[in-house]
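Below, each value reflects all heavy atoms present in this structure, side chains not excepted, and no hydrogens, waters or symmetry copies. Just so you know, these numbers come straight off a predicted model, no measurement behind them.
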Amino acid sequence: MRGGGVCRTLLVLLFLATPAFAQDSPPASIGDLPAAVQGTFAAGTCAAPERLLHITARSIVFLAPGADEHLMRLRRVQSLGEWSLAVGSGEDQPRVLLRPAAAAPGLDFGVPSVKLLDSQLPGDTPVTHLIPCTEIPPELALLHGEGIAFLHALEAMEAACGGDNPKPCLDAFMAYADVNRDGRLSAAEITRVIRGASWAVQMAAGTSDGTLAAGLLGSALIGLGAAEIIVRSFDYDGKGTITPEALLLDRLPFPAMPQARSTGAAPLPLEALGSQVGSLKELFSRLPALPTK
């Protein structure tokens with residue numbers, strides 16, 4: 001299994017409560033936006049922005065206080081002289097033009113008309129100058145900071161998980177998820193990952209501050225229950241936390257050869273085993289919800 005497969009396996013196991021990674025992954029070689037256009041930029045002032053852009057190597061986050069907000073994951077990056085063309089995923093494939101501002105610190109930003117071909121850009125595209133920000137309003141930081149940290153980690157995992165060696169992928173995942181650096185994952189750490197994934201899912205679909213806040217609250221409650229279940233399911237040493245190795249037990253390395261056994265044993269009829277599993281399912285369906293502690 002390639003490193004990317006390891007990463008997806010970990011994420012699928014952790015994100016049982018979210019659809020974040022049910023979608024197809026973007027193409028492997030899309031190019032990165034140059035470092036000169038990455039960062040956080042504001043139209044207006046950083047303390048009271050009309051619009052905020054947070055730009056990473058492969059994503060653009062559009063924040064507009066009190067208005068629609070969304071995450072644009074890039075499908076293609078192309079250099080057009082001093083401009084970088086960023087093309088988003090999805091059927092409409094939105095396009096954005098970015099370049100470092102020449103006259104003042106910051107970023108020049110434009111959204112070209114759909115009538116213009118890539119070869120005609122920038123054409124007459126209106127350009128907005130954005131200023132760089134190291135801080136944003138606290139209410140926006142509280143709402144979006146955890147999700148943007150997840151986005152940064154996701155892009156670090158994309159870079160680490162492309163080869164055949166799973167260790168860089170596991171290391172990149174744990175660098176983000178293992179908050180207290182003990183090499184294990186607690187229910188709180190897993191819940192943080194689920195909250196970050198929920199932010200990414202909602203922002204990719206487009207949302208607003210109020211809707212996003214309500215969704216994150218719901219994901220926090222659901223995520224805590226899911227995290228408790230995941231920890232209990234993989235806590236083989238009874239420490240109340242789990243390791244990535246526990247998540248991948250019996251998966252990597254793949255159990256390619258059977259264990260040695262004595263010959264002549266009668267085969268266990270799987271039909272009988274299935275009926276017992278069915279009885280357990282019926283029993284548990286009649287039980288009240290299990291407490292989380």
Do the side chains of [X] and [Y] join up, straight or via other hydrophobic residues, at under 4.5 Å, putting them in one cluster?
{"X": "Met157", "Y": "Ile190", "value": "yes"}
{"X": "Ile60", "Y": "Ile148", "value": "no"}
{"X": "Leu116", "Y": "Leu97", "value": "yes"}
{"X": "Phe109", "Y": "Phe41", "value": "yes"}
{"X": "Val127", "Y": "Leu80", "value": "yes"}

Could you tell me the separation between the [atom1] atom of [X] and the [atom2] atom of [Y], rounded to the nearest 0.5 Å?
{"X": "Ile136", "Y": "Thr45", "atom1": "CD1", "atom2": "OG1", "result": "12.5 Å"}
{"X": "Tyr176", "Y": "Glu189", "atom1": "OH", "atom2": "CD", "result": "10.5 Å"}
{"X": "Leu71", "Y": "Thr56", "atom1": "CG", "atom2": "OG1", "result": "8.0 Å"}
{"X": "Glu146", "Y": "Leu151", "atom1": "CD", "atom2": "CG", "result": "13.0 Å"}
{"X": "Gln38", "Y": "Asp32", "atom1": "CD", "atom2": "CG", "result": "7.0 Å"}
{"X": "Arg99", "Y": "Ser79", "atom1": "CZ", "atom2": "OG", "result": "13.0 Å"}

Pair [X] + [Y], salt bridge at N-O below 4.0 Å:
{"X": "Arg58", "Y": "Glu155", "answer": "no"}
{"X": "Asp118", "Y": "Arg76", "answer": "yes"}
{"X": "Arg73", "Y": "Glu158", "answer": "yes"}
{"X": "Lys239", "Y": "Asp235", "answer": "no"}

Contact summary for [X] and [Y], nearest pair of heavy atoms:
{"X": "Leu33", "Y": "Ala86", "value": "CD2-CB, 4.2 Å"}
{"X": "Val231", "Y": "Ser186", "value": "CG2-C, 4.1 Å"}
{"X": "Ala42", "Y": "Leu52", "value": "CB-CD2, 3.5 Å"}
{"X": "Thr191", "Y": "Ala220", "value": "CG2-O, 3.9 Å"}
{"X": "Gly183", "Y": "Pro244", "value": "O-CD, 4.2 Å"}
{"X": "Val37", "Y": "Pro100", "value": "CG1-CD, 3.7 Å"}

Are any of the side-chain heavy atoms of [X] and [Y] separated by less than 4.5 Å?
{"X": "Asp209", "Y": "Leu140", "result": "yes"}
{"X": "Leu185", "Y": "Met174", "result": "yes"}
{"X": "Leu85", "Y": "Val77", "result": "no"}
{"X": "Leu74", "Y": "Met72", "result": "yes"}
{"X": "Leu170", "Y": "Leu248", "result": "yes"}
{"X": "Leu247", "Y": "Glu245", "result": "no"}
{"X": "Pro112", "Y": "Pro122", "result": "no"}
{"X": "Val61", "Y": "Glu69", "result": "no"}

*Test side-chain contact (heavy atoms from CB on, under 4.5 Å) on Thr243 and Asp237 and set out the steps.*
CA-CA 10 Å; Thr243 63; Asp237 54 11; 5.8 Å; no

Open item on the list: Taking atom CD as the centre, does Gln120 end up with more than 12 heavy-atom neighbours from other residues, nucleotides or ligands that are less than 6.0 angstrom away?
Closed with: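 Above 12, so yes.
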
I'd like to know whether CD of Glu82 has more than 12 heavy-atom contacts from other residues, nucleotides or ligands below 6.0 angstrom. yes

For the backbone of Leu216 and the side chain of Ser219, can you confirm whether one donor and one acceptor N or O come within less than 3.5 Å of each other? yes

Please check: side-chain N/O of Asp178 versus main-chain N/O of Asp182, any donor-acceptor pairing under 3.5 Å?
yes

When Asp108, Leu121, Thr125 are each screened for side-chain contact (heavy atoms from CB on, under 4.5 Å) with Trp83, the one that passes is Asp108

Are side-chain N/O atoms of Arg184 and Thr241 paired as donor and acceptor at under 3.5 Å? yes

Open item on the list: If only side-chain N and O atoms count, and only distance matters, is there a donor-acceptor pair under 3.5 Å linking Thr207 with Gln202?
Closed with: no

| task | Could you label the plane-to-plane angle of the His144 and Trp199 rings as parallel, tilted or perpendicular, counting under 30° as parallel and over 60° as perpendicular? | result | perpendicular

*Are Arg192 and Val179 close enough, and set up right, to give a side-chain contact (heavy atoms from CB on, under 4.5 Å), and what steps lead you there?*
CA-CA 9 Å; Arg192 170 176 172 261; Val179 175; 3.5 Å; yes

